[in-house]
Participant: 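What follows is a structure written as structure tokens; I'll ask about it next.
Numbers here simply count residues along the sequence, with the first being 1. Computed from a prediction, not measured in an experiment: that's the story for all the values here. As the structure lists them, so they are numbered: ligands from 1, and atoms in each ligand from 1.
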Amino acid sequence: MFKNLPDYVEDPILGLFDAYRADVRTRKVNLGIGIYCDEDGRVPVLASVRAARERIDGTEPCIYLPTEGLPGYRNAVRELVFGGATTDLQERVVTIQTAGGTGALRIGAEFLASTNTKPQICMPDPTWVNHQAIFQAAGFEVSHYPYCTPDGRFDIDGALATFKALPAGTVVLLHPCCHNPTGIDPSREEWGRLLDAIAQRALLPFFDMAYQGFAEGLDDDAWAVRECARREMPCLVASSYSKNFSLYGERVGALSIHAPGLEVAKVLGQLKVIVRRSYSCPPAQGAMLVATVLQDVQLHAQWRAELDGMRLRMLGVRASLHALLTRELPDADLSFLTRQRGMFSYSGLSGAQIERLRSRHGVYVVSSGRICIAGINASNIAQVCEALVETGFKPR
Ligand SMILES: Cc1ncc(COP(=O)(O)O)c(C=O)c1O
């Protein structure tokens, strides 16, 4: 029984994390997995979240949540994503609580596949390693649009040319901020042109927002989503609270579907059907924490300040890395380090350099050359720089 199963192919990022954990060297640096670490190299417990945890009465029985999630959480995250007040949003946006951003993508993919016999999606090349698998598993045919130019900028011409050749109804996957893995985001002017092309070709944007607040701030980072809504264009949004609340294991996310004239009850009903047959209802604890923080004026302000702190620390790391490497490599163009945003930087490291970084220096980088900036701090930045220089790192 079960003899003809295919061999398991390790997820490249999770596999690297396991290898890092198994490495017995003390001077090792994890720049692989997308987890934010603070200046002490620790995954932070946010003070706002700790305070929310204290407020939640742990003695209450934990019964099943509604299939679509906690009402207070759904309203609060819908406001965070779209801006504005629930009273204005509830007629045109359906939001459900999901198991992380991944769960939102999967439920959204299944919902779209249920409305289309030949679902197609066009996603950036490169994109987050899990995107293709999630949409293929839901029955989508996957194609790609080019994302970066050889000099490390957003490839607006390549993306527009691809969009203009897509059949109407194709879903287009977009990262509204902190593109994973490159850290390269379109400018507002470029977003405007992308949305124009999407509207002209009657394509359907699916935003994957896993890093709201990590690029410029909570509102600026949601600009593309809100502009899409302002233009009264339909869209889907998968939002994750793993990174910006530092609640990775709690699995807190949301799927929102926006459309003018949306048949709210019907859309919500179909989403509930998909959730019910998949996992029945979402987990409670993480959503209770996020809802408590977002609904309390004081905790909300405290969380925003903590999030700003994480964002500014990453900017500081980028500036320091840039300064240190410039000293060692004065002729190299290192401007990509400070131009790219969020947790990731696309380094252009070769496979051999990535291997040497790991084996010789204990510095773990994923095979695409993506560096997790949030894994660098004052105590390991010199080691990272030395290792990069020793491996012959030559930026584009
Ligand atoms: C672009 C992108 N989308 C979605 C996710 C998944 O988020 P979550 O951990 O909340 O499922 C990630 C996580 O790394 C990501 O980078």
Participant: Report yes or no: does K243 have a heavy atom closer than 4.0 Å to ligand 1?
Facilitator: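 Contact present.
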Participant: Of the choices D208, T98, V129, which has the non-hydrogen atom that lies closest to atom 3 (N) of ligand 1?
Facilitator: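 Result: the heavy atom closest to atom 3 (N) of ligand 1 is in D208.
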Participant: Using a strict cut-off of 4.0 Å, indicate which atoms of ligand 1 neighbour a heavy atom of G100.
Facilitator: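 Answer, ordered by atom number: 10 (O), 11 (O).
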Participant: Can R153 and E190 be counted as an ion pair, charged N to O under 4.0 angstrom?
Facilitator: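 Here R153 does not pair with E190 in a salt bridge, since their nearest N and O are not under 4.0 Å apart.
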Participant: Are the side chain of N30 and the backbone of G375 linked by a donor-acceptor contact shorter than 3.5 Å?
Facilitator: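 Checking the backbone N and O of G375 against the side chain of N30, no donor-acceptor pair under 3.5 Å is found.
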Participant: Is it the case that atom CD in E390 sees more than 12 heavy atoms from other parts of the structure closer than 6.0 Å?
Facilitator: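 Yes, the 6.0 Å shell around CD holds more than 12 heavy atoms from other groups.
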Participant: For A319, is there any backbone N or O sitting under 3.5 Å from a side-chain donor or acceptor partner on T338?
Facilitator: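 No: the side chain of T338 does not pair with the backbone of A319.
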Participant: Considering heavy atoms of the protein only, find what lies nearest to atom 7 (O) of ligand 1 and give residue, atom and distance to 0.1 Å.
Facilitator: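 Nearest protein contact, heavy atoms only, for atom 7 (O) of ligand 1 is S240 OG, 3.8 Å.
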Participant: Nearest heavy atom to atom 6 (C) of ligand 1 wins, so pick from I35, L173, T102.
Facilitator: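 Minimum heavy-atom distance to atom 6 (C) of ligand 1 goes to T102.
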Participant: With a 4.0 Å cut-off on N to O distance, would you call R50 and E306 a salt bridge?
Facilitator: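 No, R50 and E306 are not salt-bridged.
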Participant: Taking N or O atoms only and a 3.5 Å limit, does G101 qualify as a polar contact for ligand 1?
Facilitator: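 Min N/O separation from ligand 1 is below 3.5 Å for G101.
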Participant: Please say whether the positively charged group of K28, taken as NZ for Lys or CZ for Arg, lies over the ring of Y364, i.e. under 6.0 angstrom from the six-membered ring centre and within 45 degrees of the axis.
Facilitator: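 Judged by the rule (NZ or CZ under 6.0 Å from the ring centre, within 45° of its axis), K28 is not positioned above Y364.
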Participant: Yes or no: does Y211 have any heavy atom under 4.0 Å from an atom of ligand 1?
Facilitator: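 It does; at least one heavy atom falls under 4.0 Å.
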